[in-house]
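Start at 1 and go down the list; that is how both ligands and their atoms are numbered. Residue indices begin at 1 and follow the sequence shown. Worth saying up front: this structure is predicted, and the values here are computed from it rather than measured.
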Amino acid sequence: MRHEAADATLDLLMAAARRSARRAYAPYSQFRVGAALRLKNGEIVTGVNVENASYGMTICAERAALVRAVAEHGPGIRIIAVAVANLNEAASPPCGACRQMLAEFTEPDAPVVFPAAEGTRVMPFSEVFPLVFELKPGGADF
Ligand code: THU
């Protein structure tokens, strides 16, 4: 069973994600997403999806938050919790591209909170994204 204090912290992170979603730029999909990352240094960094008329250029909220976190706090950041929200009441775990980007900086046991069909779901990052691509010049070990 999860600890109450941890629950409250995740609720705050989810609230930050939801608030930021209102600032999303999503005129093409109307799917406004907000992400909030809690860093090991205690900071919370948010991001939103920013779409483009050239659809493929779109950046997701999670990656927008990530690049902002590195820009503001440097390359040594560690992410200890992730929250994702959207204004469409849709089930939406982070997309595959965002998982791979997050993997670089996210602790395997970091909780990931996201809207699911059955309500808000919390899963450790290692379960959300079990097979991380890592660059091993000597060859992968699988
Ligand atoms: N989107 C995100 O921001 N995060 C995700 O994890 C999945 C999708 C955005 C991209 C696009 O602007 C809109 O949602 C619809 O795909």
Side-chain angles (χ1 to χ4, degrees), residues 1-137 140-142:
M1 197 203 265
R2 282 160 53 221
H3 195 271
E4 257 178 54
D7 281 359
T9 309
L10 286 182
D11 286 349
L12 274 177
L13 200 64
M14 194 41 143
R18 204 169 294 121
R19 271 198 309 277
S20 69
R22 289 192 234 129
R23 295 190 291 269
Y25 178 72
Y28 304 104
S29 72
Q30 310 296 332
F31 194 77
R32 290 189 282 167
V33 186
L37 309 176
R38 179 176 292 281
L39 308 186
K40 205 170 182 175
N41 69 7
E43 297 280 345
I44 289 178
V45 181
T46 61
V48 299
N49 55 329
V50 180
E51 299 187 341
N52 191 268
S54 177
Y55 287 7
M57 305 293 290
T58 292
I59 185 166
C60 295
E62 296 90 328
R63 274 174 295 149
L66 180 66
V67 296
R68 182 181 179 190
V70 175
E72 289 181 352
H73 300 281
I77 57 160
R78 295 307 298 164
I79 297 167
I80 59 165
V82 177
V84 186
N86 65 76
L87 302 185
N88 297 48
E89 310 294 337
S92 73
C95 82
C98 289
R99 292 178 203 192
Q100 177 65 35
M101 283 285 287
L102 287 167
E104 199 92 13
F105 300 95
T106 304
E107 297 297 331
D109 65 352
V112 180
V113 197
F114 58 93
E118 67 275 21
T120 302
R121 207 161 158 190
V122 186
M123 287 170 74
F125 184 74
S126 60
E127 256 177 64
V128 173
F129 193 45
L131 283 182
V132 177
F133 171 76
E134 286 170 291
L135 192 58
K136 292 182 182 166
D141 57 2
F142 57 87

Inset, instruction - Looking only at protein heavy atoms, identify the closest one to atom 1 (N) of ligand 1 and say how far it is in Å. - result: Cys60 SG, 3.6 Å
Legend entry - Ser92 and Asn86 side chains, donor-acceptor separation under 3.5 Å: yes
Legend entry - Value rounded to 0.5 Å, distance of OG in Ser20 from CG in Asn49: 9.5 Å
Legend entry - Exercise: do Thr46 and Arg68 side chains pair donor with acceptor under 3.5 Å: yes
Legend entry - Which residue and heavy atom of the protein sit nearest atom 12 (O) of ligand 1, plus the separation: Glu51 OE2, 2.5 Å
Inset, instruction - Find out whether Pro93 and Phe114 are in side-chain contact, i.e. whether some heavy atom of one side chain is under 4.5 Å from a heavy atom of the other. - result: yes
Legend entry - Per-atom contacts, ligand 1 versus Thr58 - under 4.0 Å to a heavy atom: 10 (C), 11 (C), 12 (O)
Inset, instruction - Could you tell me the residue and atom name of the protein heavy atom closest to atom 16 (O) of ligand 1, and the distance to it rounded to 0.1 Å? - result: Phe31 CD2, 4.8 Å
Inset, instruction - Identify the protein heavy atom lying closest to atom 15 (C) of ligand 1, giving its residue, its atom name and the separation to 0.1 Å. - result: Ser29 OG, 3.7 Å
Inset, instruction - Within a distance under 4.0 Å of any heavy atom of Asn49, pick out the atoms of ligand 1 and give their elements. - result: 3 (O), 9 (C), 11 (C), 12 (O), 13 (C), 14 (O)
Legend entry - Any Asn41 side-chain heavy atom under 4.5 Å of His73 side chain: yes
Inset, instruction - Using side-chain hydrogen bond (donor to acceptor under 3.5 Å, both in side chains) as the criterion, list what pairs up with Ser29, not counting sequence neighbours. - result: Glu51
Legend entry - Distance filter under 4.0 Å to Glu62 heavy atoms, resulting ligand 1 atoms: 2 (C), 3 (O), 4 (N), 5 (C), 6 (O)
Inset, instruction - With the side chain counted from C-beta on, respond yes when Leu102 and Leu37 share a heavy-atom pair under 4.5 Å apart, and no when they do not. - result: yes
Inset, instruction - Answer yes or no: does an N/O atom from Ala61 fall short of 3.5 Å to an N/O atom of ligand 1? - result: yes
Inset, instruction - Decide whether an N or O pair under 3.5 Å exists between Pro94 and ligand 1. - result: no
